[in-house]
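Read through the structure below, which is laid out as structure tokens, and then see the notes.
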Amino acid sequence: MASLHFSTLVQDGVPRAGDQRMPHGNRLVSSPLTTTLILGEREAALVDPPLTREQTRTVADWVERSGKRLTHIYAIHSTVTATTGSAPPS
């Protein structure tokens with residue numbers, strides 16, 4: 001049986017829409033996004049797809065550099081906004 005390995009990619013949070021500000025005046029930003037790639041001998045599974053098109057491109061490049069064939073995407077968040085990056089960027 002082949003062993004499994006993992007790699008993580010952390011991307012900055014996304015500025016939130018609207019005019020709300022933090023107490024010190026900075027814009028509200030979402031939490032950083034961590035995406036995990038579980039790597040087998042030839043294949044990989046992605047956990048927590050990205051949120052934006054820019055993040056999706058970054059993740060797609062990261063997966064391609066792994067040299068593995070992506071076979072599964074697991075969106076472990078239960079909201080639609082957590083899965084918007086699971087489609088190819090247009």
Side-chain angles (χ1 to χ4, degrees):
M1 173 185 266
S3 61
L4 296 177
H5 305 278
F6 73 93
S7 180
T8 56
L9 175 67
V10 180
Q11 297 187 71
D12 290 335
V14 178
R16 298 196 179 194
D19 294 328
Q20 292 181 320
R21 300 282 176 174
M22 297 293 291
H24 49 44
N26 290 355
R27 285 185 71 185
L28 289 176
V29 176
S30 67
S31 298
L33 176 72
T34 302
T35 303
T36 302
L37 194 60
I38 302 170
L39 304 156
E41 188 174 327
R42 289 181 221 106
E43 299 176 336
L46 185 76
V47 180
D48 287 335
L51 302 173
T52 67
R53 287 184 175 153
E54 180 181 342
Q55 290 173 333
T56 299
R57 282 188 280 277
T58 299
V59 168
D61 291 344
W62 176 57
V63 171
E64 187 173 10
R65 285 192 308 274
S66 78
K68 309 295 182 184
R69 184 172 75 92
L70 184 62
T71 58
H72 294 82
I73 297 174
Y74 295 96
I76 63 171
H77 293 101
S78 62
T79 62
V80 173
T81 57
T83 60
T84 57
S86 59
S90 55

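Side chains are part of it too, since the values below use all heavy atoms of this structure and drop only hydrogens, waters and symmetry mates. Bear in mind that the values here come from a model prediction, so they are computed numbers and not experimental data.
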- Message: Using the rule that Ile, Leu, Val, Met, Phe, Trp and Tyr join whenever any side-chain heavy atoms are under 4.5 Å apart, tell me whether I73 and L39 fall into a single cluster.
- Response: yes
- With a cut-off of 6.0 Å (strictly less than), are more than 12 heavy atoms of other residues, nucleotides or ligands near CD of E54? no
- Out of curiosity, does F6 fall in the hydrophobic cluster containing L46 (side-chain heavy atoms, cut-off under 4.5 Å, transitive links)? no
- Show the numbers, then the answer: is there a side chain to side chain contact (heavy atoms under 4.5 Å, CB included) between D48 and I76? CA-CA 6 Å; D48 287 335; I76 63 171; 2.8 Å; yes
- Separation of I38 CD1 from H5 NE2 (nearest 0.5 Å): 12.5 Å
- Where R16 and V29 come nearest, the two heavy atoms and their spacing: NE-C, 4.2 Å
- Query: If you draw a 6.0 Å radius around CZ in R42, do more than 12 non-hydrogen atoms from other residues or ligands fall strictly inside?
  - Reply: no
- Message: Nearest 0.5 angstrom please: Q55 CD to T58 OG1, how far?
- Response: 7.5 Å
- For the atom pair OG (S31) and CG (D12), what is the distance rounded to the nearest 0.5 Å? 11.5 Å
- Which heavy atom in T35 sits nearest to a heavy atom in W62, and how many Å separate them? O-CH2, 3.5 Å
- Task: Please step through side chain to side chain contact (heavy atoms under 4.5 Å, CB included) for the pair M22 and R27, ending with a clear verdict.
- Result: CA-CA 6 Å; M22 297 293 291; R27 285 185 71 185; over 6 Å; no
- Message: To the nearest 0.5 Å, what is the distance between CZ on R21 and CG on N26?
- Response: 8.0 Å
- Item | Distance (rounded to the nearest 0.5 Å) between R65 CZ and S7 OG | 9.5 Å
- Task: Would you indicate whether D61, at its atom CG, is surrounded by more than 12 heavy atoms from other residues, nucleotides or ligands within a distance under 6.0 Å?
- Result: yes
- Message: How close do L33 and L51 get, counting heavy atoms only, and between which atoms?
- Response: CD2-N, 3.9 Å
- Task: Decide yes or no on side chain to side chain contact (heavy atoms under 4.5 Å, CB included) for L37 and V63, but give the supporting numbers first.
- Result: CA-CA 8 Å; L37 194 60; V63 171; 4.0 Å; yes
- Item | Closest contact, heavy atoms only, Q11 versus V59 | NE2-CG2, 3.4 Å
- Heavy atoms only: give me the nearest P49-A75 pair and the separation to one decimal. CD-CA, 3.8 Å
